[in-house]
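Notes follow once the structure below has been shown.
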Amino acid sequence: MPELPEVETVVRDLLTAGISGTTVKTCEFPWPNTADGLTPAEFTSRLCGKTISNATRRGKYIVLQLAQGGILLIHLRMTGKLRLATSPADTLPHDRLRITFTDGRSLILNDTRKFARARLGTSIDESLGHLGPEPLEPSFTAATLGKSLVHRKRAIKTLLLDQTIIAGIGNIYADESLFDAGIHPERLPATLSNAEIKKLHAAIRRALKKGIAANGTTLGNASTNFYSVAGRRGSNDTNLMVFRRNGLPCPKCDTTIERSVVGGRGTHHCPHCQPRHVNTPG
DNA sequence: TTTTGAGCCTGGAAGC
DNA sequence: TGCTTCCAGGCTCAAA
């Protein structure tokens with residue numbers, strides 16, 4: 001599932017492949033619902049003739065900036081993948097959007113589960129203003145993290161997944177960050193000390209940076225797993241301490257890693273390294 | 001205002 | 001071996 005490090009990897013691959021400067025010639029929507037907020041015809045009409053001037057990332061969104069103004073946003077959701085095709089004959093099952101450029105190449109959004117979306121907007125602020133801070137920006141500090149959590153009454157794991165609180169964290173990096181910080185996924189924010197908030201803040205940044213350095217996380221060999229633009233696998237799976245390691249020994253203490261469901265999400269933790277505290281203010 | 005849960009989807013795993 | 005059922009999970013929206 002593409003989270004911040006995976007999306008960052010995709011954006012870097014797009015830039016390396018020379019996405020900047022390409023001009024859109026045609027759009028095709030094999031799955032019309034991929035066009036978010038517009039009909040495929042409206043989407044095509046507005047995008048054709050526009051030139052991509054840059055590719056960036058905001059949270060889990062790929063942001064393609066248009067030279068004539070405006071942005072094209074792509075969210076990969078669960079199983080979305082982008083690839084650059086050089087031939088019109090390059091088609092695969094589950095292709096949902098094909099943007100062909102005047103240089104003959106096509107940017108193809110392939111998504112097995114049909115969750116991925118593409119959207120046109122005027123600016124990042126207008127389209128993605130609801131997102132929380134970027135966790136790798138200097139402005140994201142332990143103090144800002146603590147402030148955004150203090151009044152919340154949900155389990156810390158569900159708060160880390162809330163994109164309005166922090167942008168870019170998904171299930172993998174939430175579990176890994178909480179393990180690194182020694183915090184039980186069901187702890188309530190009011191029970192966390194300042195020292196624990198600081199540890200969590202550092203753990204989040206560490207987990208994301210490791211993920212980016214490894215070009216993201218690819219689990220298993222299924223086609224639904226993460227692959228970057230050039231079909232590249234991420235190698236961060238070798239860094240994972242708890243995620244999908246339930247039943248295996250904890251790398252730190254050998255206690256068996258447990259799996260539970262928190263906020264409807266599969267959650268993995270070590271019961272020894274991440275003890276469950278009584279949820280009273282402290 | 002905040003939290004919770006349903007719905008969107010289909011490949012793959014598990015069970016029979 | 002083949003069929004059926006269930007699970008996975010990011011995001012939006014409605015309801016509590």
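Letters A, B, ... are given to chains in the order of the sequence lines, protein chains preceding strands, and every chain is numbered from 1.
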**Report entry** Qualifying residue for side-chain contact (heavy atoms from CB on, under 4.5 Å) with A:Leu82, from A:Ile74, A:Ile19, A:Ile108
**Finding:**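 It is A:Ile74; the other options fail the test.
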
Query raised in the report: Between A:Lys114 and A:Leu159, which is nearer to the 5' end of DNA chain B once each is assigned its nearest nucleotide?
Result: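 Mapping each residue to its closest nucleotide by heavy atoms, the 5'-most match is A:Leu159.
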
Query raised in the report: Which of parallel (below 30°), tilted (30 to 60°) and perpendicular (above 60°) describes A:His268 and A:Phe243?
Result: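 Rings of A:His268 and A:Phe243: perpendicular, as their planes differ by over 60°.
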
Could you work out which one of [options] sits closest to the side chain of [X]?
X	options	result
A:Phe243	B:dT10, B:dT3, C:dG9	C:dG9
A:Asn171	B:dC9, C:dG10, B:dT3	C:dG10
A:Arg244	C:dG9, C:dC11, B:dT3	C:dG9
A:Arg113	B:dC9, B:dT3, C:dG10	B:dC9
A:Phe115	B:dC8, C:dC11, C:dA8	B:dC8

Is any side-chain nitrogen or oxygen of [X] closer than 4.0 Å to OP1 or OP2 of [N]?
X	N	answer
A:Gln163	C:dC11	yes
A:Arg152	B:dT3	yes
A:Arg154	B:dT3	yes
A:Arg117	C:dC11	no
A:Lys60	C:dC11	yes
A:Arg259	C:dA8	yes
A:His94	B:dT10	no
A:Asn225	B:dG12	no

Report task. Is it possible for you to check whether A:Lys252 lies under 6.0 Å from the centre of the six-membered ring of A:Phe179, through NZ or CZ, and within 45° of that ring's axis? Result ->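 Yes, A:Lys252 sits over the ring of A:Phe179.
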
Take atom [atom1] of [X] and atom [atom2] of [N], then tell me their distance rounded to the nearest Å.
X	N	atom1	atom2	answer
A:Leu92	B:dT10	CG	C1'	17 Å
A:Leu188	B:dT3	CG	C1'	13 Å
A:Asn246	C:dA8	CG	P	10 Å
A:Leu161	C:dT12	CG	C1'	16 Å
A:Asp162	C:dG10	CG	C1'	12 Å
A:Lys157	C:dG9	NZ	P	8 Å
A:Arg58	C:dC11	CZ	P	12 Å
A:Ile169	C:dG9	CD1	C1'	16 Å

Query raised in the report: Have A:Ser106 and A:Thr100 got a donor and an acceptor in their side chains that come within less than 3.5 Å?
Result: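 On atom types as modelled, these side chains qualify, holding a pair under 3.5 Å.
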
Requested in this report: Ignoring hydrogens and angles, state whether a donor on the side chain of A:Thr217 or A:Tyr173 is under 3.5 Å from an acceptor on the partner side chain.
Outcome: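 There is such a pair between these side chains.
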
Query raised in the report: Where each residue is assigned the nucleotide of DNA chain C containing its nearest heavy atom, which of A:His130 and A:Met78 is assigned the position nearer the 5′ end?
Result: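 Closer to the 5' end of DNA chain C: A:Met78.
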
Report task. Give one of base, sugar-phosphate or nothing for A:Asp111, where a contact means two heavy atoms less than 4.0 Å apart. Result ->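 Here A:Asp111 touches no strand at all.
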
Report task. Ignoring hydrogens and angles, answer whether the base of C:dG10 and the side-chain atoms of A:Arg265 contain a donor-acceptor pair closer than 3.5 Å. Result ->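 Yes, a donor-acceptor pair under 3.5 Å.
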
Query raised in the report: Is the backbone N or O of A:Ile212 less than 3.5 Å from a side-chain atom of A:Asn236, with the two atoms forming a donor-acceptor pair by type?
Result: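 Checking the backbone N and O of A:Ile212 against the side chain of A:Asn236, no donor-acceptor pair under 3.5 Å is found.
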
